[in-house]
Amino acid sequence: MEFKHKSVLFDEAIAALELNESKIIADGTAGGGGHSREIAKTAKRLIAIDQDPDAIHVLNERLGDMPNVSIVQSNFSNIKNIISALNISKIDGMLLDLGVSSFQLDNGSRGFSFHQDAPLDMRMSKSGLSAYDVVNTYDEKSLADMIWKYGEEKFSRSIARNIVKAREEKPIQTTFELVEIIKASMPAKELKKGHPARKTFQAIRIEVNGELDRLKEALGNAFECLNKGGIIAVITFHSLEDRIVKETFAQWTRGCTCPKEFPICVCGNKPKGELLFKSKSPSESELEDNPRARSSRLRAFKKY
């Protein structure tokens, strides 16, 4: 299967990085190389990072002949170790295009999609804890808490209860088996409000890949790796990711935190940088071409 992925907010993300021929840029989610190839055309050096071995194979095919590109299989949260291993002290920008790629969704064998029957997997790195492990070994409370926390699914309790009940008969092995359990856990009227498994699948995928924890680590580590004037640009696809990015950037741009009644500042806190813009969403024309882009947001921060 060809590695295809429609890069969301492509032009806006490239523009946010303020590229020039002196910059070293890291693409933390290089995927099929869409953003990476465009960055490499201008930047002095590109570090193309992805944890998915399928993506690394494709990146070597598509970008391997570009002398200014280094391809690294790792999680983007490891950016400090990655640049150290490449004998790079600082970078001038980092792009993160979060979430699951079109290739991962459309490749039935990976188990990301609730539209295709496949073994429960959802591992972006193809290693470690799988969706099968989560669904078949977590206790009922842990399942319910996870589905609520990462999926914001109001029927998390009944879904967890029915998962545990079903696996007492036999292990839950496929995506469609899980979809049917989720459907049976909701009132009939709820089944008409979009796909009933969307939130639960999101929650399990986030748990399997530790996505929110890795994002928090990546933002902090990337900030430390940035040169003065360096930029972090992040494309998010759901509110949990976006909230982390928004709050982190807000913290970095915040000045004095002393109470208003203090006559002078005693905290000494100064902004660490600025927002390049509040946020950007896809245009109507992009949404017509790629409906999966609907929930995406781009935010960008420049370090002082």
Side-chain angles (χ1 to χ4, degrees), residues 51-54 75 77 98-218 236-244 247 292 294-295:
Q51 63 181 332
D52 189 332
D54 289 345
N75 186 276
S77 63
L98 302 176
V100 60
S101 71
S102 298
F103 173 80
Q104 290 165 332
L105 280 172
D106 295 337
N107 185 341
S109 66
R110 301 293 295 272
F112 286 101
S113 175
F114 40 75
H115 292 299
Q116 301 183 62
D117 198 18
L120 282 171
D121 193 330
M122 302 191 196
R123 295 173 297 176
M124 291 180 179
S125 65
K126 289 191 169 183
S127 63
L129 182 79
S130 71
Y132 176 91
D133 298 325
V134 170
V135 169
N136 287 286
T137 66
Y138 280 28
D139 62 43
E140 182 177 328
K141 183 180 186 303
S142 297
L143 280 171
D145 290 347
M146 175 201 67
I147 295 168
W148 169 251
K149 182 179 180 182
Y150 295 148
E152 298 177 310
E153 172 58 73
K154 62 182 178 180
F155 298 103
S156 60
R157 301 294 170 197
S158 60
I159 292 169
R161 184 166 56 251
N162 285 336
I163 285 173
V164 171
K165 183 178 179 181
R167 75 190 191 196
E168 288 175 353
E169 301 294 324
K170 70 175 188 64
I172 302 166
Q173 297 181 318
T174 71
T175 53
F176 277 9
E177 287 177 29
L178 181 57
V179 167
E180 290 307 309
I181 293 168
I182 295 167
K183 287 181 178 179
S185 305
M186 296 180 172
K189 64 179 182 180
E190 292 293 329
L191 303 182
K192 301 175 182 178
K193 300 178 181 179
H195 199 288
R198 180 179 62 82
K199 293 180 178 180
T200 300
F201 269 58
Q202 172 183 295
I204 296 171
R205 192 199 78 221
I206 289 172
E207 176 73 10
V208 165
N209 296 288
E211 292 177 33
L212 301 186
D213 289 337
R214 298 296 84 74
L215 174 58
K216 292 174 184 176
E217 291 171 13
T236 63
F237 286 86
H238 57 75
S239 61
L240 299 175
E241 294 174 336
D242 190 56
R243 191 177 304 131
I244 290 171
E247 290 177 355
R292 285 176 178 169
R294 183 163 300 281
S295 61

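For this chain, numbers begin at 1 and follow the sequence in order.
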Are any of the side-chain heavy atoms of [X] and [Y] separated by less than 4.5 Å?
X	Y	answer
D121	K126	no
I204	L120	no
I147	K199	no

>> Tell me if the NZ atom of K170 is crowded by more than 12 foreign heavy atoms within 6.0 Å.
In response: yes
Considering non-hydrogen atoms only, spot the tightest contact between [X] and [Y] and give its length.
X	Y	answer
S185	N162	OG-ND2, 2.8 Å
I182	P196	CG2-O, 3.4 Å
R198	F114	CA-CE2, 3.3 Å
K189	K193	O-CG, 4.1 Å
V135	L143	O-CD1, 4.2 Å
M122	V208	O-CG1, 3.8 Å

> Who pairs with D213 by side chain to side chain contact (heavy atoms under 4.5 Å, CB included), at least two apart in sequence or on another chain?
Replying inline: none
> Listed by chain and number, what are the side chain to side chain contact (heavy atoms under 4.5 Å, CB included) partners of D242, not counting sequence neighbours?
Replying inline: T236, R297, R299
>> I need the single residue from I172, T137, I181 that forms a side chain to side chain contact (heavy atoms under 4.5 Å, CB included) with R167. Which is it?
In response: I172
>> Using the rule given for side chain to side chain contact (heavy atoms under 4.5 Å, CB included), can you reason through H195 versus V179, listing the C-alpha separation, both sets of side-chain angles and the distance that settles it, and then say yes or no?
In response: CA-CA 9 Å; H195 199 288; V179 167; 3.9 Å; yes
>> Evaluate H238 against E152 for side chain to side chain contact (heavy atoms under 4.5 Å, CB included), listing each step before the verdict.
In response: CA-CA 11 Å; H238 57 75; E152 298 177 310; over 6 Å; no
With a 3.5 Å distance limit and no angle check, can you tell me whether [X] reaches the backbone of [Y] through a side-chain donor-acceptor pair?
X	Y	answer
R205	F112	no
R110	R123	yes
T200	G151	no
D117	F176	yes
T175	G111	no

> Is any side-chain N of the basic residue among R157 and D145 closer than 4.0 Å to the acidic one's carboxylate O?
Replying inline: yes
> Any salt bridge between R214 and E211, counting N to O under 4.0 Å?
Replying inline: no
Once you round to the nearest 0.5 Å, how far does [atom1] of [X] lie from [atom2] of [Y]?
X	Y	atom1	atom2	result
L215	N209	CG	CG	13.0 Å
Q202	F237	CD	CZ	12.0 Å
K216	E247	NZ	CD	9.0 Å
S127	Q51	OG	CD	8.0 Å
L212	E207	CG	CD	9.5 Å

>> Would D133 and S130 count as a side chain to side chain donor-acceptor pair (under 3.5 Å) here? Give the steps.
In response: CA-CA 5 Å; D133 298 325; S130 71; 3.1 Å; yes
>> For a side chain to side chain contact (heavy atoms under 4.5 Å, CB included) check, start with the C-alpha distance between Q173 and N136, then their side-chain angles and the critical distance, and finish with the verdict.
In response: CA-CA 9 Å; Q173 297 181 318; N136 287 286; 6.0 Å; no
>> Walk me through whether E217 and N75 qualify under side chain to side chain contact (heavy atoms under 4.5 Å, CB included).
In response: CA-CA 10 Å; E217 291 171 13; N75 186 276; 6.0 Å; no
> Do any pairs count as a ring-ring contact (aromatic ring centres under 6.0 Å, His included) and have a residue in residues 135-157, sequence neighbours left out, and if so which ones?
Replying inline: none
